[in-house]
Amino acid sequence: MVGGGGAGGGLLENANPLIYERSGERPVTAGEEDEQVPDSIDAREIFDMPHLIRSINDPEHPLTLEELNVVEQVRVQVSDPESTVAVAFTPTIPHCSMATLIGLSIKVKLLRSLPQRFKMDVHITPGTHASEHAVNKQLADKERVAAALENTHLLEVVNQCLSARS
């Protein structure tokens, strides 16, 4: 067994995860730079915007959620006119105990980054986790999410996932 310095301390559940190549940064278009042109929010922006979901750190490994293929742009759905964002994420193993923490980190990043008009749905990709129903229920419950964020230790762990790696 391999010891780890992850959020939970102790042993790593997935000591040798598959690592995927990061996609390139998207070029910014002239229309996006023009402050006079209304800029709608789309899936690419949610995934790719610097320091949005692609760069969230995994709580167990010194890698991003993108590098572990936990998040992908194809699993981000956005409707700017309806003000909705849905992000499906895939834990690296079916019994990942960090799934709720990962989902909470994605949700907090979106809450902190998007205009308040957006309704967010963060959930596990169907069929990829043994407890997906229970985790999705927790992530969808606004009161449980708010209570979790009042826990100073948990908030500190979430903030570590959201901070830039040095």
Side-chain angles (χ1 to χ4, degrees), residues 3-15 17 41-166:
L11 303 177
L12 295 177
E13 288 182 349
N14 186 3
I41 295 175
D42 60 14
R44 184 177 177 204
E45 188 167 3
I46 297 295
F47 180 75
D48 204 33
M49 188 186 295
H51 310 296
L52 226 62
I53 67 171
R54 74 184 293 187
S55 62
I56 295 172
N57 300 308
D58 181 78
E60 270 192 319
H61 300 284
L63 299 164
T64 66
L65 297 185
E66 179 187 23
E67 290 168 323
L68 292 170
N69 214 36
V70 172
V71 294
E72 293 179 278
Q73 183 179 328
V74 297
R75 293 195 303 255
V76 177
Q77 305 298 318
V78 179
S79 173
D80 195 35
E82 295 176 16
S83 299
T84 60
V85 174
V87 176
F89 67 99
T90 306
T92 59
I93 56 174
H95 291 83
C96 177
S97 65
M98 299 288 167
T100 305
L101 177 58
I102 290 168
L104 185 62
S105 296
I106 294 169
K107 191 155 198 155
V108 167
K109 187 63 174 182
L110 294 173
L111 285 167
R112 290 179 182 174
S113 304
L114 292 176
Q116 284 188 321
R117 68 182 170 91
F118 277 90
K119 182 177 192 270
M120 286 153 246
D121 171 29
V122 176
H123 59 275
I124 292 178
T125 305
T128 63
H129 193 273
S131 302
E132 77 182 72
H133 178 71
V135 172
N136 289 343
K137 187 175 178 180
Q138 289 179 330
L139 292 172
D141 186 329
K142 289 181 184 177
E143 278 118 30
R144 288 183 91 164
V145 169
L149 297 176
E150 289 177 7
N151 177 318
T152 54
H153 174 70
L154 185 56
L155 184 58
E156 185 178 308
V157 175
V158 166
N159 285 334
Q160 287 173 0
C161 290
L162 300 181
S163 66
R165 295 241 190 239
S166 48

Looking only at heavy atoms, the pair that brings Ala99 and Ile124 closest together is CB-CD1, 4.1 Å
Ignoring hydrogens and angles, tell me if any N or O in the side chain of Arg75 forms a donor-acceptor pair with the backbone of Val70 under 3.5 Å.
-> yes
Is any side-chain heavy atom of Ile102 closer than 4.5 Å to a side-chain heavy atom of Pro91?
-> no
Do Val108 and Val145 have side chains that get closer than 4.5 Å, going by heavy atoms?
-> no
Let me know which of Ile56, Leu110, Asn57 forms a side chain to side chain contact (heavy atoms under 4.5 Å, CB included) with Ser105.
-> Ile56
Say whether, by atom type as modelled, one donor and one acceptor occur between the side chain of Lys107 and the main chain of Leu139 under 3.5 angstrom.
-> yes
Is there side-chain contact between Asp80 and Phe118, with heavy atoms separated by less than 4.5 Å?
-> yes
CD/Glu66 to OG/Ser55 distance, rounded to the nearest 0.5 angstrom?
-> 9.0 Å
Determine the minimum heavy-atom distance between Arg112 and Leu162, stating which atoms define it.
-> NH1-CD1, 3.6 Å
Side chain proximity check, Leu154 to Leu101, heavy atoms < 4.5 angstrom | yes
Side chain Glu132, main chain Gly127, donor-acceptor under 3.5 Å = yes
Taking C-beta and beyond as the side chain, do Cys96 and Ile93 meet within less than 4.5 Å on heavy atoms?
-> yes
Where do Leu104 and Leu149 land on the side-chain contact (heavy atoms from CB on, under 4.5 Å) test, with the steps shown first?
-> CA-CA 9 Å; Leu104 185 62; Leu149 297 176; 4.3 Å; yes
Looking only at heavy atoms, what is the nearest atom pair of His129 and His95, with distance?
-> NE2-C, 3.8 Å
To the nearest 0.5 angstrom, please state how far the CD atom of Glu72 sits from the OG1 atom of Thr90.
-> 6.5 Å
Inter-residue atom distance Asp58.CG - Leu65.CG, 0.5 Å rounding | 6.0 Å
Before giving the answer on side-chain contact (heavy atoms from CB on, under 4.5 Å), spell out for Thr84 and Val78 the whole-Å C-alpha distance, their side-chain angles and the decisive distance to 0.1 Å.
-> CA-CA 6 Å; Thr84 60; Val78 179; over 6 Å; no
Flag side-chain contact, heavy atom, 4.5 Å: Thr92 against His61 | no
Glu156 side, atom CD; Asn151 side, atom CG - distance, nearest 0.5 Å = 10.0 Å
Verify, without hydrogens or angle tests, whether Thr125 (side chain) and Phe89 (backbone) share a donor-acceptor contact under 3.5 angstrom.
-> yes
Nearest 0.5 Å, what's the CD-NE2 distance between Gln138 and His123?
-> 16.0 Å
Rounded distance (nearest 0.5 Å) linking atom CG of Leu68 with atom CG of Leu63 | 5.0 Å
